[in-house]
There are 2 protein chains.
Amino acid sequence: MDLNELKIFLEVYRTGTISSAAEKLNTVQSNVTARLKKLEDELNVCLFYRKSRGVEITSDGKRLLPFAKKIMSAAAEINAEFKFKPLCKGEVRIGLTDTTFAECLPSAMAAYKKKYPEVELTIKTDASSALVEDIIGYRLDGAFTGSVGGNENIESVHVCRVPAVLGGVKKEIESPSAMIVFKKGCSYRDVTEKWALSSGKQNIKIIEFSTLDGILGCVSAGLGVTCMPEKVLRKYGVPFEEIEEDFSLVETNYIYRRDVKPSAAADAFASLLRKNFLTETD
Amino acid sequence: MDLNELKIFLEVYRTGTISSAAEKLNTVQSNVTARLKKLEDELNVCLFYRKSRGVEITSDGKRLLPFAKKIMSAAAEINAEFKFKPLCKGEVRIGLTDTTFAECLPSAMAAYKKKYPEVELTIKTDASSALVEDIIGYRLDGAFTGSVGGNENIESVHVCRVPAVLGGVKKEIESPSAMIVFKKGCSYRDVTEKWALSSGKQNIKIIEFSTLDGILGCVSAGLGVTCMPEKVLRKYGVPFEEIEEDFSLVETNYIYRRDVKPSAAADAFASLLRKNFLTETD
DNA sequence: CCTATTTACGTCCACCGTAACAATA
DNA sequence: TATTGTTACGGTGGACGTAAATAGG
């Protein structure tokens with residue numbers, strides 16, 4: 001059985017002649033005759049009486065009608081689902097770093113939920129390197145990360161490059177007692193460590209936190225310093241000063257598996273987030 | 001889109017690997033890979049993550065699942081309808097002569113209705129020649145008639161050959177006053193006319209009736225004679241005597257259009273009727 | 001090394017179009 | 001003759017199989 005045969009069967013029934021059905025279907029009479037005959041052979045029945053003026057459906061043809069219609073409409077639903085409403089449903093799993101999250105996610109998420117209410121959106125925040133692993137392991141559809149070592153499985157699209165600044169109360173910036181950072185793999189931890197190295201403070205104590213609030217709370221309390229995008233520090237009211245561009249610049253990229261075509265829902269979210277990101281970090 | 005692609009998609013989902021799906025479907029890996037890729041290209045999505053150990057369905061694949069299942073089950077319903085339950089439904093239009101009707105139809109119809117309750121059975125009684133026209137014009141699926149002139153569109157199957165006898169009250173048989181018969185085209189009218197001719201009574205009056213009851217009623221009332229199968233006259237209690245075999249033998253054939261495959265329901269009814277006919281006319 | 005998928009390539013069949021034929025009004 | 005369906009036939013694209021390459025555990 002073949003969808004095409006059923007389509008032809010229905011069109012012949014609708015028009016009442018093989019010729020006009022062939023024309024409607026952009027093919028030739030002989031082909032319609034052959035497809036019809038094939039269907040009749042498959043089902044082992046006669047579907048139409050061949051009369052001198054067109055054809056007339058038989059009792060067996062009538063039996064087939066509802067089934068054929070059902071199948072064709074189900075097939076049309078697939079096209080509707082995937083071609084005409086590609087964004088309406090699905091599940092999207094996006095990864096972010098805590099800093100990206102703080103900067104631009106909430107507004108993007110609100111806009112996305114409003115536009116595509118049927119998409120199940122899952123957001124995970126983690127360090128850049130962990131996000132890369134999640135992409136490779138198919139646990140995320142895409143992620144915004146700092147620069148990642150080249151991996152042949154991963155496609156990386158540059159989003160923006162913003163400088164990190166050194167945040168901390170005045171006393172700490174002048175004489176830092178500790179670096180308060182995310183776990184290994186966070187791009188801003190890297191910057192902070194590079195800053196410490198370049199300014200001869202490599203033996204400074206390290207305090208690790210797993211949340212942005214935790215880090216900034218401690219920094220505000222004068223327990224240490226941290227490198228962050230200026231925007232984040234401003235939002236939390238943490239004093240800061242600029243640091244050398246040599247190592248302060250942090251890339252933000254959108255990454256995804258090269259061998260997996262992103263779902264339309266994922267593409268839509270990623271581009272929306274990227275737009276938000278660029279707007280807010282201008 | 002193609003039913004085969006959807007079947008492959010579902011089997012890959014069910015088994016979790018392309019290899020085992022190929023084995024289940026009696027084909028090879030490379031073919032499953034290709035069909036899957038074709039489906040993905042058509043829908044413009046990625047349906048499975050290719051992992052080192054089999055594949056895993058994606059969010060878009062999950063979207064496709066219910067549609068694919070729906071279509072495949074609808075296709076299976078067609079097979080069920082036409083292959084496994086070929087006799088359950090439909091419409092059957094059978095033609096009979098009045099004499100055939102009287103002889104064997106009632107019991108056959110009862111048996112058929114019991115066996116195939118969902119078939120819409122339409123019975124038409126008319127003269128043999130009229131039934132032939134109905135077959136040619138697609139208004140009947142099949143008919144039991146007397147012998148008909150060869151028509152290349154009509155397939156004719158011999159059922160039986162029984163002699164007609166001359167029915168009438170004693171006085172009428174000895175000296176018939178009229179032939180009481182069906183309209184032109186009835187095989188038994190033909191026999192009656194041949195009898196009249198051979199016995200030198202060609203100028204006898206003709207009374208036409210359109211029902212068997214009418215004919216036999218008049219014959220019983222002594223208004224004339226008629227030629228009928230012995231069995232019919234017995235049933236109605238009409239006296240009779242045998243006539244010459246030269247013209248008394250009446251064929252009964254089952255006829256149908258050669259270019260139309262009979263529906264299973266029609267075949268079933270015809271064979272049942274034929275069996276009844278043979279049994280009752282032994 | 002075994003399992004699993006992808007890619008390359010060759011074969012073959014089925015679909016489709018052209019064209020001639022048949023039947024009917 | 002015009003309309004419609006059927007049959008014959010040839011080309012071609014796509015489906016399928018074989019086999020080698022690739023990747024991960």
Side-chain angles (χ1 to χ4, degrees), chain A residues 1-9 11-42 46-58 61 133 135-139 151-154 257-261, chain B residues 1-9 11-42 46-58 61 133 135-139 151-154 257-261:
Chain A
M1 185 133 61
D2 185 8
L3 289 185
N4 196 31
E5 290 165 10
L6 294 179
K7 191 167 79 180
I8 287 175
F9 164 72
E11 191 60 31
V12 170
Y13 169 68
R14 208 179 63 77
T15 61
T17 76
I18 289 185
S19 317
S20 45
E23 195 175 3
K24 273 280 179 191
L25 296 167
N26 295 315
T27 183
V28 293
Q29 289 179 348
S30 64
N31 192 33
V32 174
T33 297
R35 298 287 73 71
L36 217 48
K37 183 180 276 299
K38 177 163 175 275
L39 186 57
E40 289 180 322
D41 287 346
E42 282 170 356
C46 169
L47 296 171
F48 292 99
Y49 299 122
R50 271 70 167 181
K51 299 194 167 179
S52 55
R53 206 76 182 179
V55 296
E56 186 184 325
I57 195 159
T58 66
E133 288 308 308
I135 294 287
I136 291 177
Y138 299 98
R139 291 180 294 276
N151 181 313
E152 63 179 311
N153 283 323
I154 287 188
R257 277 197 75 107
R258 192 166 283 164
D259 60 352
V260 174
K261 181 181 180 64
Chain B
M1 186 130 61
D2 185 8
L3 288 185
N4 195 29
E5 289 165 10
L6 293 179
K7 189 167 79 180
I8 287 176
F9 165 72
E11 191 60 33
V12 170
Y13 170 68
R14 209 180 62 78
T15 62
T17 77
I18 288 184
S19 317
S20 46
E23 195 174 3
K24 273 279 178 191
L25 297 168
N26 294 316
T27 182
V28 292
Q29 288 180 347
S30 64
N31 192 34
V32 174
T33 298
R35 299 286 74 73
L36 216 49
K37 183 182 274 296
K38 178 163 174 276
L39 186 57
E40 288 180 321
D41 287 346
E42 283 170 357
C46 170
L47 295 171
F48 292 99
Y49 299 121
R50 272 69 168 180
K51 300 193 167 181
S52 54
R53 206 77 181 178
V55 298
E56 186 184 324
I57 195 160
T58 66
E133 287 309 308
I135 294 286
I136 291 177
Y138 298 99
R139 293 181 293 277
N151 181 313
E152 63 179 312
N153 283 323
I154 287 189
R257 276 197 75 107
R258 191 166 283 164
D259 60 351
V260 174
K261 181 183 182 60

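Quick note on labels: first sequence line is chain A, next is B, and so on, each numbered from 1.
Among the protein residues, B/Thr33 comes within range of the nucleic acid bases, having at least one heavy atom under 4.0 Å from a base atom.
Crowding of B/Lys51 atom NZ: a count of heavy atoms from other residues, nucleotides or ligands under 6.0 Å exceeding 12.
For the pair B/Lys7 NZ and D/dC16 C1', the computed distance is 14 Å after rounding to whole Å. When the P atom of C/dA4 is taken as reference, atom CZ of B/Arg53 falls 5 Å away, rounded to whole Å. Atom CD in B/Glu23 sits roughly 13 Å away from atom P in D/dG17 (whole-Å rounding). Summarising the geometry, the separation between OH on A/Tyr49 and P on D/dG5 is reported as 17 Å, rounded to the nearest angstrom. The distance between atom CG of A/Asn31 and atom P of D/dT6, rounded to the nearest whole Å, is 13 Å. Remark: C1' of D/dT22 and CZ of A/Arg258 are 17 Å apart, rounded to the nearest angstrom. Taking atom NZ of residue B/Lys38 and atom P of nucleotide C/dT6, one finds them 17 Å apart after rounding to whole Å. Counting to the nearest Å, the P atom of C/dT24 and the CD1 atom of A/Ile18 are 15 Å from each other.
For A/Lys51 and C/dA23, the shortest distance from a side-chain N or O to OP1 or OP2 is not below 4.0 Å. Look at A/Arg50 and you'll find a side-chain N or O under 4.0 angstrom from OP1 or OP2 of D/dT6. Regarding contacts with the backbone of C/dT7, every side-chain N or O of B/Ser30 stays at 4.0 angstrom or more from both OP1 and OP2. OP1 or OP2 of D/dT3 has not a single side-chain nitrogen or oxygen of A/Ser19 nearer than 4.0 Å. Contact annotation: A/Arg35 reaches the phosphate of C/dC16 (side-chain N/O to OP1 or OP2, under 4.0 Å). Taking side-chain N and O atoms only, A/Ser52 has a distance below 4.0 Å to OP1 or OP2 of C/dA25.
Using a cut-off of 4.0 Å between Lys/Arg side-chain N and Asp/Glu carboxylate O, A/Arg257 and A/Glu133 are scored as not salt-bridged. A/Lys7 and A/Glu11 are not joined by a salt bridge, as no carboxylate oxygen comes within less than 4.0 angstrom of a charged side-chain nitrogen. Here A/Arg35 does not pair with A/Glu42 in a salt bridge; the nearest charged N to carboxylate O distance is not below 4.0 Å.
For B/Phe48 and B/Phe9, the ring centers sit closer than 6.0 Å to each other.
Comparing A/Asn4 and B/Val55, the nucleotide of DNA chain C nearest to each residue sits closer to the 5' end for B/Val55.
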